[in-house]
2 protein chains.
Amino acid sequence: MTSNQRKENSSKTAEKILAVARKVFAEHGYNGTHMDEIATRANVNKATLYYQIGDKDTLYANVIHQVIGNVAQDIVRAVAEARTPEEKLKAYIACIAQAVDKNPEIPPIMMREIASGGVNLPRLVVEDFVSVIATLMGILEEGTKKGIFIETIPFLIHMMILGSILLYKGSLPIKDRQTWLPASIRNKDKKIKGNIANEVAKLILRAVKKSRV
Amino acid sequence: MTSNQRKENSSKTAEKILAVARKVFAEHGYNGTHMDEIATRANVNKATLYYQIGDKDTLYANVIHQVIGNVAQDIVRAVAEARTPEEKLKAYIACIAQAVDKNPEIPPIMMREIASGGVNLPRLVVEDFVSVIATLMGILEEGTKKGIFIETIPFLIHMMILGSILLYKGSLPIKDRQTWLPASIRNKDKKIKGNIANEVAKLILRAVKKSRV
DNA sequence: GGTCAGTTTAACTACATGGTTAAATTAATC
DNA sequence: GATTAATTTAACCATGTAGTTAAACTGACC
């Protein structure tokens with residue numbers, strides 16, 4: 001076994017590369033991203049990048065895993081901790097919103113990934129998605145059986161939740177950039193900035209719950 | 001003035017190029033699309049492509065315009081024809097769903113466009129979006145004033161509607177491709193195939209309407 | 001201070017891709 | 001059937017980009 005400082009420095013550069021790659025892939029997508037840009041923005045020689053991580057596909061796979069790998073487990077855990085279907089559904093939504101809040105690279109990357117039919121998605125990640133949807137199906141079924149929820153199409157509900165959050169968050173840059181956009185549209189939702197989870201949860205629950213109290 | 005047949009043939013090739021470009025851009029996105037592939041799949045020499053249409057940006061702008069240029073006007077018109085806020089909201093949703101049904105290139109292209117912050121969107125198209133959202137704001141405000149709807153965040157509602165449809169439609173290829181996906185997820189929503197408009201409308205109205213009859 | 005493994009670097013290669021050009025082809029008009 | 005303008009084509013060019021290589025550097029250990 002050799003030095004420690006070397007290893008630390010080395011893993012530091014690797015992390016820096018990963019962090020930068022994450023941003024760049026989110027900005028430009030897989031095809032729009034150039035290894036040179038990543039190297040430059042990470043203050044690293046391109047060969048170092050290849051030495052530390054590998055080719056473009058590997059780098060992208062790493063980013064994907066880092067970005068959306070853990071969300072699934074979070075969701076499953078958070079849902080398990082909640083008691084009623086209603087609480088579970090709230091936890092489900094909060095988890096997704098929180099994940100997106102924590103790393104804003106999720107919307108662009110996921111939307112592009114869906115757009116391209118998930119060609120670049122590692123099997124492991126797809127399996128994560130499956131477990132997430134399965135969780136939601138469980139929640140909805142339980143709710144329906146208990147007479148709390150109406151009958152629904154789980155896959156659609158999931159896309160409604162995910163779509164709301166992804167598109168809402170993902171559109172903020174456009175909205176902010178288009179300075180000539182009518183103020184009525186730009187300002188109307190300032191009040192909920194950063195926390196749409198509650199609003200989405202409210203709407204989804206209203207849509208799904210049978211009786212209103 | 002010269003021949004007519006020439007012009008017809010010429011415009012035919014141009015249309016063929018446009019049609020193919022649409023598909024290819026939808027499949028691979030702007031950066032992932034190569035002019036050679038378009039030319040090949042359109043059975044046209046690459047120089048012909050450039051002669052008929054122009055460079056890549058121009059071609060893409062044409063595609064964008066063709067794909068999502070007319071939807072906005074459709075929505076505004078359809079909404080204007082409806083009477084009550086509830087009917088208007090239904091028309092709004094039906095219009096979007098119908099547009100997506102008619103050309104399945106919308107989801108991938110729009111999602112990627114949002115993902116990249118709308119950098120490639122012609123101003124005209126952005127203006128169309130604005131008019132759409134403005135329309136929805138009108139509907140929601142009217143409904144709220146009349147005491148039919150609860151108070152909401154229009155921009156979020158729009159993203160909820162659009163997100164549901166885009167992600168649902170856009171994810172079908174993935175779902176279908178992943179043959180190893182649990183049958184419970186794959187089949188659960190066979191019944192609504194091709195017509196999620198009603199389902200989305202039902203859910204959104206449940207979410208937004210004040211009293212339930 | 002010499003050696004050695006891990007790490008970084010400048011320079012380079014191979015190839016793909018957006019775009020061009022000049023010549024060939026086509027069909028209408030005389 | 002010669003002319004002419006619109007259209008198509010094969011071959012070409014310039015540039016950008018993923019990936020490589022061999023040499024230089026770094027710091028721990030003897």
Side-chain angles (χ1 to χ4, degrees), chain A residues 1-64 109 112 116 119-120 122, chain B residues 1-64 109 112 116 119-120 122:
Chain A
M1 184 136 304
T2 59
S3 152
N4 256 349
Q5 174 139 358
R6 300 305 295 275
K7 278 192 180 170
E8 270 174 36
N9 285 344
S10 182
S11 81
K12 258 187 194 172
T13 60
E15 273 169 39
K16 192 170 195 178
I17 291 168
L18 269 240
V20 170
R22 211 166 131 160
K23 280 188 208 161
V24 181
F25 276 121
E27 281 171 27
H28 306 301
Y30 180 84
N31 286 300
T33 293
H34 308 309
M35 301 299 268
D36 288 283
E37 186 180 348
I38 296 175
T40 306
R41 278 170 63 171
N43 286 320
V44 153
N45 188 285
K46 191 165 58 156
T48 302
L49 194 166
Y50 277 87
Y51 173 78
Q52 291 285 354
I53 290 173
D55 65 4
K56 197 178 177 182
D57 284 330
T58 309
L59 179 55
Y60 186 67
N62 271 306
V63 167
I64 285 278
I109 288 180
R112 269 191 272 247
S116 58
V119 188
N120 298 311
Chain B
M1 181 139 301
T2 59
S3 151
N4 257 347
Q5 174 138 359
R6 301 305 293 280
K7 279 193 180 170
E8 271 172 35
N9 285 344
S10 182
S11 81
K12 257 187 195 171
T13 60
E15 273 168 40
K16 192 170 195 178
I17 291 168
L18 270 241
V20 171
R22 212 165 129 161
K23 279 188 210 159
V24 182
F25 276 121
E27 281 171 28
H28 306 299
Y30 180 84
N31 286 302
T33 293
H34 308 309
M35 301 300 267
D36 289 282
E37 184 180 349
I38 296 175
T40 306
R41 278 170 62 171
N43 286 320
V44 152
N45 187 285
K46 189 165 58 157
T48 301
L49 194 166
Y50 277 86
Y51 173 79
Q52 292 283 355
I53 289 172
D55 64 5
K56 196 178 178 183
D57 284 330
T58 309
L59 178 56
Y60 185 67
N62 272 307
V63 168
I64 285 277
I109 288 180
R112 267 191 274 245
S116 57
V119 187
N120 298 311

- Stepwise, does the salt bridge (Lys or Arg N to Asp or Glu O under 4.0 Å) test hold for B:Arg41 with B:Glu37? CA-CA 6 Å; B:Arg41 278 170 62 171; B:Glu37 184 180 349; 2.9 Å; yes
Looking only at heavy atoms, the pair that brings B:Asn62 and B:Ile53 closest together is ND2-CG2, 3.9 Å
Taken to the nearest whole Å, OH/A:Tyr50 to C1'/D:dG19 is 5 Å
Rounding to 0.5 Å, atoms CG (B:Asn31) and CZ (B:Arg112) come to a distance of 10.0 Å
By ring-ring contact (aromatic ring centres under 6.0 Å, His included), A:Tyr60 pairs with (sequence neighbours left out) A:Phe25, A:Tyr30
Closest non-hydrogen atoms of B:Thr48 and B:Val44, given as atom of the first, atom of the second and distance, are CB-CG1, 3.5 Å
* Asked: Reckon B:Thr13 has a side-chain N or O less than 4.0 Å from the OP1 or OP2 of D:dT7?
  -> no
Rounded to the nearest 0.5 Å, the CD1 atom of A:Ile17 sits from the CD atom of A:Gln52 at a distance of 5.5 Å
**Asked** B:Lys56 side chain to B:Thr33 main-chain N or O, any donor-acceptor pair under 3.5 Å?
**Response** yes
Write down the protein N/O and nucleotide N/O pairs, taken from nucleotides 9-15 of chain D, whose separation is under 3.5 Å; answer none if there are no such pairs.
{"residue": "D:dT9", "atom": "OP2", "partner": "B:Asn45", "partner atom": "N", "Å": "3.3"}
{"residue": "D:dA10", "atom": "OP2", "partner": "B:Asn45", "partner atom": "ND2", "Å": "3.4"}
{"residue": "D:dA10", "atom": "N7", "partner": "B:Asn45", "partner atom": "ND2", "Å": "3.2"}

Within residues 16-42 of chain A, the residues having a heavy atom closer than 4.0 Å to DNA chain C are none
Interatomic distance, CG@A:Leu49 vs CG@A:Leu59, rounded to 0.5 Å, equals 6.0 Å
Here the distance between atom P of D:dT7 and atom CD1 of B:Ile53, to the nearest Å, is 13 Å
**Asked** Between A:Gln52 and C:dG6, is there a side-chain N or O to OP1/OP2 distance below 4.0 Å?
**Response** no
Separation of D:dT17 atom C1' from A:Asp55 atom CG, nearest Å, is 14 Å
Here the distance between atom C1' of C:dG18 and atom CG of B:Asp57, to the nearest Å, is 11 Å
